[in-house]
Amino acid sequence: MVDTIVIPLLKIAILLNAVLVAVSYLVLLERKVIAFVQSRLGPMRVGPHGVLQPIADAVKLMTKEDITPARADRWVFTAAPIMVMVPALIVFAVIPFGPEVELFGRSVPLYITDINIGLLYIVSVASLGVYGIILGGWASNSKYPLLSSLRASAQLISYEVAVTMTLVSLVLMAGTLSMVGIVESQRDAGLWFVFAQPVAFAIFFIGGLAETNRAPFDMPEAEQELTGGFHTEYSGMRFALFFLAEYANMIVISSVATTLFLGGWLRPFPGVEGLAFLDLIPAWIWFVLKTFVFLYVFLWIRATLPRYRYDQLMRLGWKVLIPIAIGNVIVTGVAKVLL
Amino acid sequence: MAEAFVFYGLAALILGFAVLVISTRNTVHSVLYLVVNFLLVAMLYVMLGAEFLAAIQVLVYAGGIVVLYLFVVMLVNLKRPPETHQDPRRQTRLGLALAGAVLAELVAIIVYSSTGESVPAAAPAEAGMVEGNVEQIGMLLYTNYLIPFEVASVLLLVAMIGAIVLAKREL
Amino acid sequence: MPGDEVSAMKADLPSPMFDTTEMVLNMGPQHPSTHGVLRIVLKLDGERVVDADVVVGYLHRGIEKLSENRDWTQIILLTDRMDYVAAASTNLGYCETVEKLMSVEVPRRARYIRTILNELQRVASHCLWLGTHAMDIGAMTVFLYAFRERELILDLFEEYCGARLTYNSMRVGGLPLDIPPGWDRKVNEFCDIMDSKLTEYETLLTHNRIWLERTKDVGVIDGPEAIALGLCGPTLRGSGVGRDVRKDEPYAAYDEFDFDVPIGTRGDTYDRYLVRIEEFRQSLRIIRQAMDGLPEGPIVGKVPRLIKPPAGETYHAVESPKGEIGFFIASDGRSTNPYRFRVRAPSFCNLQGLPRLVRGHLVADVVALIGSIDIVLGEVDR
């Protein structure tokens, strides 16, 4: 009873809260990081150095008027933000934050579940997130959001194939689809997969930027072109859901990249005996640190690069990333057979 | 008992949404119901212990193909009334013929499964050498069903080339 | 060109399989990247622009008509409000036109300071252009960097005349104020800072692959067509036409300085970008020369208290940061205000080219092209 119901429910509750807090502080982090890049200070008013800014933002968004445009498709308009948020949150079910730990005399794994198709689960659930964007844009009954929806769907079909292909080459390396299994196979190999699969890592990272609609692939919400894109007509909490989902997705992509390529909860160079003292730091801290590095790179890129045009992203996806990804799968397969 | 309960619940929902897909007037809503339908079918797969199939169902159908449907539905103006055919009862006849075919098929399946010997157990036994859902499907695809698998791939390739040729007139 | 492909495809489809109607998209006057209150009615095929209709007039204040009821000095104040990001250039254009009408000789020191103010103004205006242009294409950091440097120029102007945006910094016959003590040193310091910051901007943009893809071959226009459309300034020079009023019809003290007029080769957005970046450097070069050779002497020529030009009309143009700004002024010789006042605004002329530039491109390119022709709506609508 305790093992099958209470502990999983507790874990889900803790994880969801942690993710939502992390998301709101990620927003603050973004504002701070970009401000420092641009020789500004960022939020400074709410609390010391603006640390309470996320709370102020939340209060503001919750108390704002929630407008549904006239002639909008009311049901779809309301459902769309939820359809973005839910996939972003349920992906966390299979992400392993650490191995099993002893807590109060029980052995508790630091992940909600380990299913044997973990990686496929992530890819398929993540691919559902785009519905919210497409339908939100469509249901607004407004032209800029509609253009944004078209961009989002064009973007999805351009990069998803390439990203999935990189995962195939990764699965060839690991021999399993289970997220825990992938981390364990990196431990057994004594090597993070980023060193074995640098090409796949690069493509996955680019695809991750595109999947989360982050710069330089933030065409669906380009303020300067589409005045905010799919969320132009949204306000209040419904807008906040879109907003939070984007940042939750950033955390998802970062933690998936950490698990797949940076050895998840493993310390750096798990194969080198001389660095064993690094194991003194708890595994989950390594995981969080690596995820943080990814998140920082996301923000850094946003502050640095101009935006792609959506036909250029499609060209990049179809003509560059997919051929390279397929080539990578073939090379990996051949190497796997020969070695 | 619980399993049967869940199965019939799911089956009812699937059929309900399937009816909604074809009965609703708004094309985008119809596509949405289709997504829900696919997700429910994926749940059915999970219930049957075919997690791999469930994930693929979500990834390929719900996540990929229907996005393309939506793309087309939003791009193309569907408000135009359908062209009237010379024979107004053509659709009715076609529908009746198709329904008849499906009915015959269903009856055949029921008769076959109730009178004939149970489903050949050879395949699972063979695949039972390896563990796990993915591995089993892999084994089956690349041993027993290699030729259908390859034929399907060639078919997809042909479809792909055909689409490119149609879309791009001058190569 | 991509646009031709679309129309060619349409041509050989006798009856379209799908009903793909064109969509009319209203862009502006409240759109984040129409640089003020510009409105463009875009006709779209998917995201490709089939046609664009530019609607202006949202910022019309009737400056030309107002000027006919103001005396000759009060008009300077109105010229501030035309190109409000380059007020000193408009001031200069107007004052020189009146001086031409009255045949007033401006002292050499005043002409030097006017040149310095103008070139500082050009740098400030180009900073604003670079920031917003990069922002439109999505490079948000360049925006803040460019505004950081623009701030330094505004500080210089504030020290000179007390205003940061609408300077009212010139008078018919010369200048109202001499430069404050220590100002020359600060200007020289600024030139050094700006030089290093330019490298910083270029690091972020010039060789950035995304920037190249977004600007190269976007909005290509060749020299003859650019002339036919009446384009001017850096927008024209990007198409390889070496027309610069500072060189061709020198005014102020430009004939005494050594500077180059950068021109582009292909006439695309990237060339216009490069031309303006190089103009930063040339402006700094002019400022340094003028600061080194700043002559002593009076700052106002012999002008009567009450300005009353003789009857007649004249046209005079100067090179503002946006292009050739020309003033046509007619005086009846009796009243203390102009009989007719008319401005050839470079932003307005460049805006004429916009529909031609955006046709066949995508919505994302429209904002890039608005940025690339560098317009100010205060000047377009006047």
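Below, all heavy atoms of this structure are taken into account, side chains as well, without hydrogens, waters or symmetry copies. Reminder, nothing fancy here: chain letters follow the sequence lines and each chain counts from 1.
The minimum heavy-atom distance linking A:Arg307 with C:Asp136 is given by the pair NH1-O, 4.0 Å. Here the closest heavy-atom approach between residue C:Asn26 and residue A:Tyr144 is recorded as O-OH, 3.0 Å.
Rounding to the nearest 0.5 Å gives a distance of 7.5 Å between CG of C:Asp365 and CG of A:Asp311.
Heavy-atom neighbours of C:Arg209 CZ from other residues, nucleotides or ligands within 6.0 Å: at or below the threshold of 12. Environment of CD in C:Glu159: crowded, with over 12 heavy atoms of neighbouring residues, nucleotides or ligands closer than 6.0 Å. At most 12 heavy atoms of other shown residues, nucleotides or ligands fall within 6.0 angstrom of atom CZ in A:Arg74. Shown here is C:Phe348, whose CZ atom has no more than 12 heavy atoms of other residues, nucleotides or ligands within 6.0 Å.
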*Test side chain to side chain contact (heavy atoms under 4.5 Å, CB included) on C:Leu44 and A:Lys143 and set out the steps.*
CA-CA 11 Å; C:Leu44 298 180; A:Lys143 284 173 183 171; over 6 Å; no
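Residues from residues 137-156 of chain C that place a non-hydrogen atom less than 4.5 Å from a non-hydrogen atom of chain A comprise C:Ile137, C:Gly138, C:Ala139, C:Met140, C:Thr141, C:Leu144, C:Tyr145, C:Arg148, given in numerical order.
Proximity to chain A is limited to the side chain of C:Asn208, based on heavy atoms less than 4.5 angstrom apart. Residue A:Arg302 touches chain C through both its backbone and its side chain, counting heavy-atom pairs closer than 4.5 Å.
For A:Gln312 (side chain) and C:Glu213 (main-chain N/O), a donor-acceptor pair under 3.5 Å exists by modelled atom type.
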